[in-house]
Amino acid sequence: MMWSTTLAFAALALPFGASTRAVSPDVYPSPPGQGSGRWAGAYASARKLVTQMTLEEKVNVTRGFKTDANVCAGNSGSVPRLGWPGMCLHDAGNGVRATDMVSAWASGLHVGASWDRNLTYQRGLYMAKEFRAKGVNIALGPNAGPLGRTPLGGRNWEGFSVDPYLSGQLNAETIVGYQDAGVIANLKHFIANEQETYRRPYSGVEAASSNLDDKTLHEYYLWPFMDGVRAGVASVMCSYNRINNTYGCENSKLMNGVLKSELAFDGFVMLDWNAQHNLQSANGGLDMVMPYGGSWGDNLTHAVRNGTVTEKRITDMATRSDDEKKTLVPLLVILTTDRLCRILAAWYLVGQDAPDFPAPGVGMKNLSLPHEPVDARVPESKPVLLGGAVAGHVLVKNVNRTLPFRSKPKMLSVYGYDAAPPPTKNIDTLFQLGYTSSQEMGQAVLGTLRSFDQAARGGTITTGGRAGANAPPYMSDPLSAIQHRAAADGTWVNWDIASTTPDVNGATQACLVFINAIATEGWDRTGLHDDASDGLVLHVASRCANTVVVVHAAGIRLVDQWIEHPNVTAAVLAHLPGQDSGTALVRLLYGEDNFSGRLPYTVARNESDYPVYAPCGRGRDNTTDPQCDYTEGVYLDYRAFDARNVTPRFEFGYGLSYTTFEYSSLALSPTRALCATPPSSPSSSSTNSTHDGLWDVVAHVEATVANAGPVSGDEVAQLYVGIPGAPPKQLRGFEKVHLRPGAAATVRFDLTRRDVSVWDVARQRWVVQKGEYPVYVGASCRDVRLTGSLVVE
């Protein structure tokens, strides 16, 4: 049938103004999956299987539950009669959670700091092989939301970057890696899920409503989801929060109108745990529930059995008119053939029908009971684990080439709580923090974070907390790694990891101070610096002329209290490296590897420099209906710093190396496709008319990068474009190249039509405007080496 796009492409109501309330319009019905292109064979197999199912079997596929048979975060029902085994769904951010014999990978933020597409793909591939070996069908990641609207966001570390372009590129690489390994990727959290404070309703207080306009939605928060859908992601998770006052998992405008219609998403939408508040979510575009998500399956079964609705009416709902749809029992659309096909097609798409795919949850045992451990690790992943750990370290200060250590030091001193491993290893969550759901609830109800410490003082951190975390097979902590190197070199090592005012040996050649900044799901951070940790740095620096500071950080961490101290000669933002943390750092400190990380966010001088700082609360009136107006639009992070001419401490894309790079020979080559979009209305005959030609290459940009320094190194060449009427610069390309001393390479960026487009709210489509488009190529958003421009007629 022909599906009308009139409702599907209706603009979001403008949410701002004292007398207006943000509204998300209804978009019905939920459009059927097209099953074309890469999805064609999977849909054919899914449709064949669905036609053989009974009503109860259809019900079983769409709902989730917990079982004593495994510790999967959730399980779908199975259809034993037809040999369909069901699926295990499990967390995801750093590796397989809540189990043994797996690897602990670098966190998303650390990967974002690598700016490395190949490493990102390899990480996704090998991580997913571990999920597969454990019998996990759906890995609950990667993370495109939160992007990081507020730098205090407790889950920002699970994503790759605050920039939607960088986030989108690395989410796409991860998705392809996951699904090449045969595991369904689950892109989350859809959408504008930008804070933990009031992320869910508690004790009569609604979840915060993220109120944003249509242009902001498309040009910022939807951007990485577009890349994920284009990469072939098989599932998407809807979010806890409200968007324009409708909960994410029942928001038909976003799921039906944007995701399934505009983006032509052929996979399935699944519920975040506890995120269903109304059975209208069935009509809104939700395809699968998870534990604690309601009992829609049983309700529908009863409706059929008591004659309220016939099974025939269920399976033919995809052919009903909009008006007829609205008059029927809301639960009827749950089990349309399309909804089941979306779920089953994802299973077929990644090859989980293969006879050698493990049984769901086979390696996910209750660890407190006797069990035969399933070792999911593969030897080939070791270089990727270590390489990923190395690549996310960012050197931000290095006075007089303090680093690398050019000879075997005679004496080193190590200070700070972050240098040593934590006292215990907790298998299921962050090692230092054991926050429970009741504590999260208390935080949300009371609107306070007073009990949350800025630092994890029990030891070094390699990950953030809760759903994105997992336990490492071992932990290479900084102090142990330094001591192992000292044993080989004959270096004397002093250490004091307990005191905030340690004694400093006057003969030491370098003092290494380790501090951290922690974050976790369920809590937003209380600030971007910590007085006690900063005091430790200043204490050591006042007594040691060669102080090197290392900060393991689950997000942005301000450094202005000590960064300009003359005795702080080097500083490293070490992020969250995973199990090989100490080994990776020592390789960098001693010059066995070169720093190649670049910041995936901006480090400000002051908290007030960020366009949005604190998460939204209940307001002065202590409302039970918290509203969060995204009035800043797309002007976040470096875009806002540029637009307001605010000087950061370290800009987006910044990072030092042990060598230097020179740029030359900028060449711009527009194609015939580079032209302004002619005025027109969206076609009513195509659900994806807004994306026609969006991925066509409209210009090629080339430049030469040369290593002008003494050692080999990796440079991240970055392309920024100025779009008329938009932020002064927006990232639109990056290439990481390895160069020996004296060597040069040509970097090439292909600009697509989307890269130079803006979202036209009136026409409901992406458009290219006439005018001049400045082009900037350089080493960061502010370290611009080459400039040019493209002109659109």
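Note that the numbering runs from 1 along the sequence shown for the chain.
Contact of the Ser476 side chain with the Gln579 side chain is not registered, since no non-hydrogen atoms from C-beta on lie closer than 4.5 Å. Between Phe514 and Val572 there is no side-chain heavy-atom pair separated by less than 4.5 Å. Annotation: side chain of Met237 is in contact with side chain of Leu140 (closest heavy-atom distance under 4.5 Å). You'll find the side chain of Thr659 stays beyond 4.5 Å of the side chain of Pro741, heavy atoms only. The shortest distance between side-chain heavy atoms of Phe160 and Leu166 does not fall below 4.5 Å. Put simply, the side chain of Ser712 reaches to within 4.5 Å of the side chain of His738, judged on heavy atoms. You'll find the side chain of Pro142 stays beyond 4.5 Å of the side chain of Lys188, heavy atoms only. Phe225 has its side chain within reach of Leu222: a pair of non-hydrogen atoms, C-beta onward, lies under 4.5 Å apart.
Within the structure, every pair that satisfies the ring-ring contact (aromatic ring centres under 6.0 Å, His included) test and touches residues 380-406, not counting sequence neighbours, is listed here: His110-His393, Phe405-Tyr590. Within the structure, side-chain hydrogen bond (donor to acceptor under 3.5 Å, both in side chains) pairs that include any residue of residues 562-577 comprise Thr402-Thr569, Asp534-Trp562, Asn546-Thr569, Glu564-Arg649, His575-Tyr601 (at least two apart or interchain).
Residues passing the side chain to side chain donor-acceptor pair (under 3.5 Å) test with Tyr720, sequence neighbours excluded: Gln718. For the salt bridge (charged side-chain N to carboxylate O under 4.0 Å, His left out) test, no residue two or more places apart in sequence or in another chain qualifies with Asp477. Contacts of Glu219 classified as salt bridge (charged side-chain N to carboxylate O under 4.0 Å, His left out), with partners at least two apart in sequence or in another chain: Lys215. Applying the disulfide (SG to SG under 2.5 Å) test to Cys781 and every residue at least two apart in sequence or in another chain returns nothing.
Using a cut-off of 4.0 Å between Lys/Arg side-chain N and Asp/Glu carboxylate O, Arg782 and Glu651 are scored as not salt-bridged. Using a cutoff of 4.0 Å between basic side-chain nitrogens and carboxylate oxygens, Lys729 and Asp642 are scored as salt-bridged. A salt bridge links Arg754 and Asp227; the closest N-O separation between the charged side-chain nitrogens and carboxylate oxygens is under 4.0 Å. One finds a salt bridge joining Arg785 and Asp783 here, because a Lys/Arg side-chain nitrogen approaches an Asp/Glu carboxylate oxygen to under 4.0 Å. Comment: Arg149 engages Glu632 in a salt bridge, judged by a side-chain N to carboxylate O separation of less than 4.0 angstrom. Residues Arg117 and Glu735 are paired through a salt bridge, judged by an N-O separation under 4.0 Å between the basic side chain and the carboxylate. Between Asp750 and Arg748 there is a salt bridge, with a side-chain nitrogen of the basic residue lying less than 4.0 Å from a carboxylate oxygen of the acidic one. Ion pairing between a basic and an acidic side chain is recognised when a charged N comes within 4.0 Å of a carboxylate O; Arg598 and Glu715 show such pairing.
Counting only distance, with no hydrogens or angles, the side chain of Arg644 and the backbone of Asp609 share a donor-acceptor pair below 3.5 Å. A donor-acceptor pair under 3.5 Å is formed between the side chain of Asn516 and the backbone N or O of Ala456. The backbone N or O of Pro164 lies less than 3.5 Å from no partner atom in the side chain of Ser167, so there is not a single donor-acceptor pair. Under the 3.5 Å distance criterion, the side-chain polar atoms of Ser381 are matched with a main-chain donor or acceptor of Val378. Proximity of a side-chain donor or acceptor of Tyr654 to a complementary backbone N or O of Val396 within less than 3.5 Å is detected. Using a distance-only test at 3.5 Å, with no hydrogens or angles considered, a donor-acceptor pair links the side chain of Asp116 to the main chain of Asn118. The backbone N or O of Leu731 sits less than 3.5 Å from a side-chain atom of Tyr638, completing a donor-acceptor pair.
Between Tyr610 and Phe641, the ring center distance clears the sub-6.0 Å criterion. With ring centers used as reference points, Tyr165 lies 6.0 Å or more from Trp115. Ring centroids of Tyr221 and Tyr630 are separated by less than 6.0 Å, placing the two rings close together.
Side chains of His529 and Glu607: a donor-acceptor N/O pair is present below 3.5 angstrom, by distance only. Under the 3.5 Å distance criterion, with hydrogens and angles disregarded, a donor-acceptor pair is assigned to the side chains of Asp755 and Thr752. Counting only N and O atoms by type, the side chains of Ser596 and Lys736 include a donor and acceptor under 3.5 Å apart.
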**Item:** Worked verdict on Glu194 versus Thr150 for side chain to side chain donor-acceptor pair (under 3.5 Å)
**Value:** CA-CA 7 Å; Glu194 294 296 318; Thr150 164; over 6 Å; no

**Message:** Gln454 vs Arg525, test: side chain to side chain donor-acceptor pair (under 3.5 Å). Steps then yes/no.
**Reply:** CA-CA 7 Å; Gln454 286 287 83; Arg525 299 163 65 195; 5.0 Å; no

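In this structure, Glu380 places its CD atom where more than 12 heavy-atom neighbours from other residues, nucleotides or ligands lie under 6.0 Å away.
Rounded to the nearest 0.5 angstrom, Leu674 CG and Tyr773 OH are separated by 8.0 Å. Note that CG of Leu585 is 11.0 Å distant from CG of Asp593, once rounded to the nearest 0.5 Å. Atoms OH and CZ, on Tyr658 and Arg406 in that order, are 10.0 Å from each other to the nearest 0.5 Å. The OG1 atom of Thr787 sits 7.5 Å away from atom CG of Leu666, with the distance rounded to the nearest 0.5 Å. Atom CG in Asn94 sits 3.5 Å away from atom OG1 in Thr463 (nearest 0.5 Å). The distance from the NE2 atom of His700 to the CD atom of Glu702 is 8.5 Å, given to the nearest 0.5 Å.
The minimum heavy-atom distance between Ala699 and Leu790, with the atom names listed, is CB-CD1, 3.8 Å.
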